[in-house]
Amino acid sequence: MKNKLIAEIFKDIAEILEIKGENFFKIRAYEKAAQSIESLSDDIEIFVNRDTLKDINGIGKDLEEKIREIVSTGKLKYLEELKKDIPEGLIEMLNVPGIGPKTAKLLYEKLDIQDVVMLERMAHAGKIKDLPGMGKKTEENILTGIDLFKKGRERLDLKTATDVAYNIITQLKKLKEVKNINPAGSLRRMKETVRDIDILISSNKPQEIMDAFTELPEVKDTIAKGLTKSSVLTKDNIQVDLRVVDELSYGAALMYFTGSKEHNIKLRQLAIKRGLKLNEYGIFKGEKKIAGKTEEEMYKILDLLYIEPELREDKGEFEASLKDTLPDLIKIEDIKGDLHMHSTWSDGGSSIEEMILKSRELGYEYVAITDHSQGLKIAGGLNVHELDLKRKEIEKLNKKYKDIKILFGTEVDIDSEGNLDYPDNVLREMDIVVAAIHAGFKQSVAIITKRIISACQNKYVNIIAHPTGRLWGSRNEYDIDFGEVFKAARDTNTALEINSFPQRLDLNDINTRMAKEAGVKIVINTDSHIAQHLEMMKFGVAVARRAWLEKKDVLNTMSFSNLKLKGK
DNA sequence: GCCGTTTTCGGCCCGACTGTTTTCAGTCG
């Protein structure tokens, strides 16, 4: 599967061409092609073999050749050549806020600055302010940008972003000048990580709002302040952008600031085709505004059905909207139970009863208590004797709480050879079996794939948990052959998990969508280790929505009587 | 570099804010 590699190569090319000052539209062509290939749900080699590369949006004669070269050799001569002209550090410099291709080029040509380290040194030495078009203020901004770059190289996880955004929204909501307020940007699209936080307000008193915003107690620095747009940096170095528009433009602005960029470009192209102009204030026919108050009317004028924010990535939502085949996305209320959680029996921090009380609060019909298995000593895995005691406790609780069904389960370890950590006669006695990999992450694709497939083939395994093992910020996902895993999961009626933990979100949106298309059943779990964690379910549901999942695609939207777990 | 129900050549999304400029380029989203 070389889709990702090709997309990365095209993106690198685009960045180098930017610095070289190449034709803007040529650069866009590479970016667009990268985006197209990234969002393909099939292996690019299928297109190569069928000779249908040109059917992919944004791929013409030239890029077709380049794709063929990458698929057969694993690299691209053109990129290798380009890299000779431009030091690698220069590309990294583009990630410093305030440094764009033109500035990077200028700094490289005039001062031979080749990376962020040199950039910082020159700025400190006061060498930059004397360059043409630069000045004292720019030099200071570059230094601030470098600080941001160093601290903020990582993106925020969805939970942190949600917490920060709603804290600010709650405070601003109290202002009487605020009419409407919403999160926008990638947070509203519920991307798994968010770089900065966008908030949109409608009001006819923007000055008061901007003043209040920049004076919030969380704010450390004001980066920009105007009447329609202000940006601040919080004490935790999180950038928050606030836009204020009048009420008649709120829908247009919400649409525009929600993005994605690719979705917006497509919207504007559709407007142009109809002889209209679309911007953040509305849709215009000549001088006359014909829509703008709500997103719904904006889409309607473009002959589109309303598109949910999570789908706005230009990954097929326009075509589906035109054909009326948009999915009826799963909602948090559809979730009837959580099938992966821990208790004090293994490495959890809450008792089974505490987990049950919280689950009842969330309105669940059933839950599964799936503590670790015996081999996972570090996580307090249960031996067979302890399993018996735990089962008795669950039986007791099932009698005490008649309104929720408590399943006796385990998260059984898949060892480095692909064997399960309990024998079949133990697994057979469980109400539900979740299997997962906890070690051997560095094995080859073939071996890890085989381990997962053999777990699927066990007739008592119902779910594969966190299938790619990534822990955002500390561990990359391990490579698996998704095609093979999906096939095995589908054929053995094994569900693949979306783990709702903000550091996991595994499967991610792209893999989940591929799994759905391959006919695999998905289950959304929290993997909670304390009762509070059960609330993370909304983040897993967000991944599912971004993956176009409907209620029927997800195992734990079924009522208990319809669960139909294999081996039971 | 791609693409075509105005076009196989000449287009390719749009506007706010900043800083260094006397009218605008660069960056960002």
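Letters A, B, ... are given to chains in the order of the sequence lines, protein chains preceding strands, and every chain is numbered from 1. If you're wondering where the values come from, they're calculated on a predicted model, not measured in any experiment.
- A side-chain donor-acceptor contact under 3.5 Å links Asp334(A) to the backbone of Lys331(A).
- The cationic group of Lys179(A) does not satisfy the cation-pi geometry with Tyr250(A), failing either the under 6.0 Å distance to the six-membered ring centre or the 45° limit from the ring axis.
- When every heavy atom of Ser230(A) is checked against every heavy atom of Phe213(A), the shortest pair comes out as O-CE2, 4.0 Å.
- dT27(B) and dT21(B) have their P atoms separated by 15 Å, given to the nearest Å.
- Taking 4.0 angstrom as the limit, Asn264(A) places none of its side-chain polar atoms (N or O) nearer than this to OP1 or OP2 of dC13(B).
- Taking the P atoms as reference points, dT22(B) lies 42 Å from dC3(B), given to the whole Å.
- No side-chain donor from either of Asn49(A) and Glu45(A) sits under 3.5 Å from a side-chain acceptor of the other.
- Under the 4.0 Å criterion applied to side-chain N and carboxylate O atoms, Glu80(A) and Lys75(A) are not assigned as salt-bridge partners.
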**Message:** Strictly under 4.0 angstrom, non-hydrogen atoms only: write out the protein contact profile of nucleotides 24-29 of chain B, one letter per nucleotide from the 5' end, B, S or -.
**Reply:** --SSSB
**Asked** What does nucleotides 1-12 of chain B look like as a protein-contact string, B for base, S for sugar-phosphate only, - for none, at under 4.0 angstrom between heavy atoms?
**Response** BSS--------B
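- For the pair Phe24(A) and Leu131(A), both in contact range of DNA chain B, the more 5′-proximal nearest nucleotide belongs to Phe24(A).
- Backbone-only engagement by Lys136(A) is indicated by non-hydrogen atom pairs under 4.0 Å involving sugar-phosphate atoms exclusively.
- Taking atom P in both dT20(B) and dG26(B), the straight-line distance is 14 Å, to the nearest Å.
- Rounded to whole Å, atom P of dC17(B) lies 16 Å from atom CG of Asn141(A).
- Annotation: dT18(B) and dT8(B) have their P atoms spaced 44 Å apart (nearest Å).
- The same atom, C1', is picked in dG10(B) and in dT6(B); the two are 13 Å apart, to the nearest Å.
- The CG-P distance, from Leu106(A) to dG19(B), rounds to 17 Å in whole Å.
- The same atom, C1', is picked in dA16(B) and in dC12(B); the two are 22 Å apart, to the nearest Å.
- A donor-acceptor pair under 3.5 Å is formed between the side chain of Arg470(A) and the backbone N or O of Arg504(A).
- Distance NZ (Lys277(A)) to C1' (dC14(B)): 8 Å, rounded to an integer number of Å.
- Looking at heavy-atom distances under 4.0 Å, Leu278(A) makes contact with sugar-phosphate atoms alone, never a base.
- The NZ atom of Lys225(A) sits 19 Å away from the P atom of dA16(B) (whole-angstrom rounding).
- Between Thr228(A) and the phosphate of dG15(B), there is no side-chain N or O to OP1/OP2 separation shorter than 4.0 Å.
- Within 4.0 Å (heavy atoms only), Lys266(A) reaches no atom of the nucleic acid at all.
- Between Lys77(A) and Glu69(A) there is no salt bridge, since no side-chain nitrogen of the basic residue lies less than 4.0 Å from a carboxylate oxygen of the acidic one.
- Applying the Watson-Crick and G-U wobble criteria (two distances, each under 3.5 Å), dG1(B) pairs with dC12(B).
- Of all heavy-atom pairs spanning Asp509(A) and Arg546(A), the tightest one is OD2-NE, 3.0 Å.
- dT7(B) and dC2(B) are spaced 22 Å apart, taking the P atom of each and rounding to whole Å.
- Side-chain atoms of Lys235(A) come within 3.5 Å of backbone N or O of Pro217(A) as a donor-acceptor pair.
- Residues in residues 123-139 of chain A take part in these salt bridge (Lys or Arg N to Asp or Glu O under 4.0 Å) pairs, two or more places apart or across chains: Lys136(A)-Glu140(A).
- For the pair Leu242(A) CG and dC17(B) C1', the computed distance is 14 Å after rounding to whole Å.
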